[in-house]
Each structure stands twice: as structure tokens, then as C-alpha cells.
Amino acid sequence: AQRVTQPEKLLSVFKGAPVELKCNYSYSGSPELFWYVQYSRQRLQLLLRHISRESIKGFTADLNKGETSFHLKKPFAQEEDSAMYYCALVTGGFKTIFGAGTRLFVKA
Amino acid sequence: EPEVTQTPSHQVTQMGQEVILRCVPISNHLYFYWYRQILGQKVEFLVSFYNNEISEKSEIFDDQFSVERPDGSNFTLKIRSTKLEDSAMYFCASSPPGQGGSPLHFGNGTRLTVT
């Protein structure tokens with residue numbers, strides 16, 4: 001079955017603390033994984049994709065095929081990182097499956 | 001930066017009525033999608049559209065739903081005989097040529113309330 005699991009609905013950290021948002025996937029093919037973010041009153045937008053292997057706004061995510069994970073990390077959280085984060089898996093090219101999302105709250 | 005636009009932002013309709021949700025994808029994009037998010041639940045894939053036909057659809061996308069690209073710019077989702085459980089946020093998305101399925105550029109969504 002194709003599935004994306006984000007176990008935490010809410011993650012609350014202090015400013016400057018490290019952040020890790022967990023994502024696990026289930027897919028028999030070669031996975032194409034993304035993180036999308038939705039800031040307050042803004043549209044859902046792409047944060048990063050695994051094939052780019054880039055850092056966006058200080059966030060990185062590494063695909064671990066052995067653990068079927070694609071966790072999102074940032075060493076020092078900022079207040080402006082507070083948002084809803086969705087892990088997403090593309091299957092067969094035309095369909096993206098989203099996890100339930102994790103709300104990150106960064107406290108001052 | 002070009003954006004996907006959706007109208008209306010909020011639609012209220014009575015059960016049994018038909019609604020049409022409208023979207024204008026980014027102009028040079030070739031792949032179009034509809035997703036929905038019921039309050040408190042995950043974003044769910046409904047349908048993808050490429051080359052003037054449906055390329056993939058979910059089990060949610062039954063005969064009650066249809067999509068159309070009536071001209072070169074609009075992409076619509078029609079919901080016939082709406083039910084209370086159709087109340088949700090509906091998102092339109094598009095993606096560029098050569099990148100079918102990803103990454104998605106989303107509109108702001110239409111909140112559909114069925115009473």
C-alpha cells in the first residue's frame with residue numbers, strides 16, 4: 001500500500017533548538033519525496049524535494065530507503081518556521097500522497 | 001512570480017445542488033490537479049489532468065465529480081448533487097512541463113460548505 005506517515009500532529013520547540021519532523025513512507029517503487037509547508041494564511045508550497053539534496057531556509061531532509069524515512073531537520077529553529085509541514089510521496093508520476101501534517105510551533 | 005488562482009474563495013451551497021470550482025493554473029504548466037482537505041484531515045488526491053484528459057483519479061472521484069478545461073486558461077471541478085460530506089477545502093494545483101506529478105504549485109483553495 002502507498003502511504004505517508006507523519007506521527008506527530010504537533011511539535012513545539014524553543015527558538016534556537018534543533019527540529020526534526022518525522023516522515024515514513026510505504027511504496028514498492030522508487031520513491032520521489034517532498035516536503036511542503038503552509039505558513040499562516042498562505043498557500044501550500046514546496047519546501048524541498050529529495051532529489052535536489054539542497055537546504056532551503058536551513059532545512060534538510062535525507063532519504064533513507066532502508067528505514068523508509070524522509071525526516072525534515074533544522075539545527076536551529078526560528079519563530080518564522082512556525083507552520084504546517086506536509087511530507088509527500090509521488091507515485092507513478094501523476095499522483096501525490098500527503099501525510100497528515102505536523103504543526104510546528106517555535107516558541108520565543 | 002506567477003501563481004495558481006482559485007475562485008471563489010468560499011462557496012456555500014445547499015445539499016443536492018451543483019457547484020463549479022474554478023482554477024486558473026500557471027500559464028506554461030501542462031499538468032493540473034484537484035485535491036481536497038476535509039477539516040482536520042489530510043490533503044487527499046482527487047484527480048490529475050493532462051493533454052485534455054484525466055490521467056489518474058482516486059476512488060473519491062466518482063461519477064459525482066467531473067473536470068474540464070473549457071478554454072486555454074481555466075480548469076474546473078464540477079460537483080453534482082452535493083452532499084454534506086463534500087464540505088472541504090478544495091485545492092487546485094499545476095506542475096510544469098516535463099515534471100508530471102511534481103512539484104505542485106497550489107492555489108489558495110476554495111472552501112466549500114454544503115448545508
Side-chain angles (χ1 to χ4, degrees), chain A residues 1-10 21-27 29-54 56 59 61 63 70 72 83-103, chain B residues 1-7 9-10 23-26 29-51 53-61 67 88-111:
Chain A
Q2 302 159 353
R3 189 169 57 245
V4 176
T5 303
Q6 293 180 250
E8 302 136 331
K9 281 192 173 180
L10 174 67
L21 289 87
K22 297 190 188 306
C23 172
N24 288 89
Y25 67 91
S26 174
Y27 182 54
S30 184
E32 189 174 355
L33 287 149
F34 298 79
W35 278 97
Y36 286 85
V37 61
Q38 188 170 29
Y39 301 102
S40 178
R41 295 195 213 40
Q42 294 187 29
R43 64 188 65 205
L44 196 56
Q45 58 187 282
L46 176 70
L47 179 62
L48 55 79
R49 56 193 302 186
H50 88 269
I51 60 171
S52 301
R53 302 186 64 82
E54 57 191 345
I56 304 292
F59 284 97
L63 176 61
F70 187 57
L72 183 68
M84 195 75 179
Y85 291 81
Y86 295 95
C87 183
L89 167 71
V90 178
T91 67
F94 290 108
K95 179 178 175 180
T96 299
I97 297 172
F98 287 84
T102 298
R103 181 167 298 282
Chain B
E1 186 176 332
E3 292 181 335
V4 175
T5 57
Q6 289 185 245
T7 55
S9 56
H10 192 190
C23 170
V24 178
I26 294 172
H29 285 190
L30 296 180
Y31 303 88
F32 315 116
Y33 314 84
W34 283 100
Y35 286 80
R36 81 171 184 190
Q37 187 174 31
I38 295 170
L39 188 63
Q41 297 185 26
K42 60 174 63 179
V43 177
E44 299 174 291
F45 171 81
L46 291 178
V47 66
S48 59
F49 192 87
Y50 170 69
N51 203 25
E53 61 183 24
I54 291 174
S55 46
E56 192 166 357
K57 60 182 181 179
S58 71
E59 54 274 13
I60 302 169
F61 195 88
V67 289
M89 194 75 160
Y90 288 81
F91 294 104
C92 175
S94 65
S95 57
Q99 299 185 45
S102 57
L104 300 172
H105 297 252
F106 282 92
N108 275 325
T110 294
R111 181 170 298 284

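A note on names: the letters A, B, ... follow the listed sequences, proteins ahead of strands, and every chain is numbered from 1.
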Legend entry - Residues in residues 42-50 of chain B that sit under 4.5 Å from chain A, counting heavy atoms only: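 Residues in range: B:K42, B:V43, B:F45, B:S48, B:Y50.
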Legend entry - Crowding at CG, A:L10 (>12 non-hydrogen neighbours, <6.0 Å):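 It does: A:L10 CG has more than 12 such atoms within range.
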Inset, instruction - Sequence neighbours left out, what passes side chain to side chain donor-acceptor pair (under 3.5 Å) with B:K57? Give chain and number order. - result: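 None.
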Inset, instruction - Identify, with sequence neighbours excluded, every residue that meets side chain to side chain donor-acceptor pair (under 3.5 Å) alongside A:Y85. - result: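 Once residues adjacent in sequence are excluded, A:Y85 has no partner under the side chain to side chain donor-acceptor pair (under 3.5 Å) criterion.
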Inset, instruction - Test A:F34 against B:L104 for side-chain contact (heavy atoms from CB on, under 4.5 Å), laying out the working first. - result: CA-CA 10 Å; A:F34 298 79; B:L104 300 172; over 6 Å; no
Legend entry - Listed partners of B:E3 passing salt bridge (charged side-chain N to carboxylate O under 4.0 Å, His left out), at least two apart: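 Partners of B:E3 by the salt bridge (charged side-chain N to carboxylate O under 4.0 Å, His left out) criterion, ordered by chain and then number, come out as A:R43.
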Legend entry - Heavy-atom pair with the smallest gap, counting every atom of B:Q6 and B:Y90: NE2-O, 2.9 Å
Inset, instruction - Heavy atoms only: give me the nearest A:V90-A:Y27 pair and the separation to one decimal. - result: O-CE2, 4.3 Å
Inset, instruction - Count the heavy-atom pairs under 4.5 Å between each of A:L46, A:V4, A:L44, A:I97 and chain B, then report the option with the highest count. - result: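 The answer is A:L44.
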Legend entry - Heavy-atom contact with chain B under 4.5 Å, split by part of A:Q42: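 Backbone only.
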